[in-house]
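Heads up, the thing below is written out as structure tokens.
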2 protein chains.
Amino acid sequence: MLTISQLAAYAGVTVRAVRHYHQIGLLPEPERDASGYRRYSAGAVVSLIRIRILANAGVPLSQIGQMLEADASTFAAAVEEIDRQLGDEIARLAASRKQIAQLAAGDRLALAPEVTTYLDRLRDIGVSERVVAGERDSWILMSARWPDRVREWMPSKIAQLDDPQLIRLYRILSDIFESDTGDDTLLVEAADILASLADQAYRSGEIDLGEVAQDDLPFDLLDALAVEADPRVKRLLDLMRERGWDGLARLERLAEPST
Amino acid sequence: MLTISQLAAYAGVTVRAVRHYHQIGLLPEPERDASGYRRYSAGAVVSLIRIRILANAGVPLSQIGQMLEADASTFAAAVEEIDRQLGDEIARLAASRKQIAQLAAGDRLALAPEVTTYLDRLRDIGVSERVVAGERDSWILMSARWPDRVREWMPSKIAQLDDPQLIRLYRILSDIFESDTGDDTLLVEAADILASLADQAYRSGEIDLGEVAQDDLPFDLLDALAVEADPRVKRLLDLMRERGWDGLARLERLAEPST
DNA sequence: TGGAGGGTTGACGCAGCGTCAGGGTCAAGC
DNA sequence: GCTTGACCCTGACGCTGCGTCAACCCTCCA
């Protein structure tokens, strides 16, 4: 007759584990001795070992009871099922691991390499960290909504950074948002450039987001994000509206230009 | 301004998850509207997405907060740590999977292939299922105590099954335990054969378990297991004692044989 | 006779939410 | 003005496999 700690030691488990198996009915409660101690027979050792073998193999405790009672074919089917689940779990973790290997620095978080290239190009051009951070957050939102399309768009976005007008625009924006002044002339200039670029794109038919443009929410979010980052963006939106354009992330013609 | 379900949908999580992140302080609680509903800004979407990226990568929620605030090198160190843990977890599961692949049929449960071969040989000889089951449980106990040694012992155990005396012994035991009678003559015959085999082994010095013999508990358990399986084993033990042998799984000389 | 080292039950804690229960709110159609 | 369905709220339990107190009893040895 064994005590609970002897039983546990023999099977290589903790006393607590044995009591847990009793609680969930996996291992039957043995007789008690005069002082209320559990006293185990040799058969209990065998039962416990059999339980642990299945548990070590990754079988949930809730299934072990049935498995130990099952006939050979049922057992085999259960084994197969468990094996499948383990395979799934491993695949999940392996995917996680791949993911995390990608997460080197803060910028890369959530972003395809093409996007980080784009952000680095912005820095090269002299765009301020604050504005780059805004761009980064915008692309995080875009990537969440259209994870696959973003990579397609980047080459042309990067190419556009060669346009002196766009460079000038980004530098002005950097100046605005790095300063604490409410200097309106810079904002007006930015709006002029932006409207000019929009006109060009409109005339050349460049604006073609396809079905993407159907979904307003992401673009509304992007504009809202910009306003949250700096309230002066609200003024910029007003200036754009005066020039016949609505929005910022996605510019929409309000009326035909007055030529 | 977004509702909680809009926020959740955008980030691809459930409403419950968002509330959970609030509870644990991972995502700050937003302002409430007049009726007490949470109202989210665009920035919350970005925060939530960043959280999910780390969570999807297998980072525990409890660490995500710090990671999002950390500088690049701290972040990199944390990533490495997580990667290590994921690797460990995957290794654990892969080991489980290997284990479970071994568990084909009931017999194999916990047993090295050599042992199942031995059990199959017993069946070939005509040993009853009941006795084979007893042998199986015995070897489960042995395997738990000496996982590595068992495989060494099996070849000679299997070889011994060629001994006609041993075959006869097993058949008698099968007869005894398959019947419900208390026929003592069979038990006496079994004891005679067993004692004879023990004498032979003793004289030829075959009995050599080395340091294994030092540990009484497993052998006591084996004997107890046999008695539990069938109380008539107790009588067999008595008969063996009359013949100068103590125990069953490990026979020990009580006194020099009376020649 | 006292203390160490067993044993007992009961209960909380862990991770990351899922899932009720039992309310209140909002927008739309009648 | 009323109903209906879709959301929102908080609070609380459930899941997995035990670890870890707490508070108390039993046994054995010096």
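Note on naming: letters A, B, ... go to the chains in the order of the sequence lines (proteins, then strands), and numbering restarts at 1 for each one. The structure displayed is predicted, hence computed values, not measured ones.
- In this structure, the CG atom of Leu54(B) is 17 Å from the P atom of dA15(C), given to the nearest Å.
- Using a 4.0 Å cut-off between a side-chain N of Lys or Arg and a carboxylate O of Asp or Glu, Asp238(B) and Arg235(B) do not qualify as a salt bridge.
- Rounded to 10 degrees, the angle separating the terminal axes of the helix from dT1(C)-dA30(D) to dC30(C)-dG1(D) is 30°, with each axis obtained from five end pairs.
- Note that CG of Asp148(B) and OG of Ser143(B) are 10.5 Å apart. Values are rounded to the nearest 0.5 Å.
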Side-chain atoms of residues 11-21 of chain B: list all donor-acceptor pairs with protein atoms under 3.5 Å, sequence neighbours left out, distances to 0.1 Å.
unit_1, atom_1, unit_2, atom_2, d
Thr14(B), OG1, Ala17(B), N, 3.0
Tyr21(B), OH, Arg52(B), NH1, 2.6

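- The pair Asp216(B)-Arg250(B) meets the salt-bridge criterion, since a charged nitrogen lies less than 4.0 angstrom from a carboxylate oxygen.
- Using modelled atom types, no side-chain atom of Gln66(A) and backbone atom of Gln63(A) make a donor-acceptor pair closer than 3.5 Å.
- In summary, the side chains of Asp120(B) and Thr117(B) do not present any donor paired with an acceptor at a separation below 3.5 Å, with no hydrogens or angles considered.
- The aromatic rings of Trp245(A) and Tyr202(A) sit perpendicular, their planes meeting at an angle over 60°, well past the 30° parallel limit.
- Remark: the backbone N or O of Ala70(B) is not paired with any side-chain donor or acceptor of Thr74(B) at under 3.5 angstrom.
- Here Arg38(B) does not pair with Asp33(B) in a salt bridge; the nearest charged N to carboxylate O distance is not below 4.0 Å.
- Take Glu89(A) and apply the side-chain hydrogen bond (donor to acceptor under 3.5 Å, both in side chains) test, not counting sequence neighbours, and it matches Arg92(A).
- Here CE of Met142(B) is found 13.5 Å from CG of Asp137(B). Values are rounded to the nearest 0.5 Å.
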Distances under 3.5 Å between nitrogen or oxygen atoms of protein and nucleotides 26-28 of chain C:
unit_1, atom_1, unit_2, atom_2, d
dC26(C), OP1, Ser35(B), OG, 3.4

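- The residues Glu31(A) and Arg39(A) are annotated as not salt-bridged, no charged nitrogen and carboxylate oxygen being separated by less than 4.0 angstrom.
- Within the nucleic acid shown, Arg32(B) comes within 4.0 Å of sugar-phosphate atoms alone, with no base atom in reach, counting heavy atoms only.
- Taking every nucleotide of DNA chain D with any atom under 4.0 Å from a non-hydrogen atom of chain A, the first and last of them, 5' to 3', are dG17(D) to dT27(D).
- Aromatic ring pairs are classed by plane angle as parallel below 30°, tilted from 30° to 60° and perpendicular above 60°; the pair Tyr40(B) and His22(B) is parallel.
- Atom-to-atom, CD of Glu89(A) to P of dA15(C) comes out at 17 Å; the value is rounded to the nearest Å.
- Remark: Ile4(B), Ser5(B), Arg16(B), Arg19(B) in residues 4-28 of chain B come within less than 4.0 Å of DNA chain D through at least one heavy atom.
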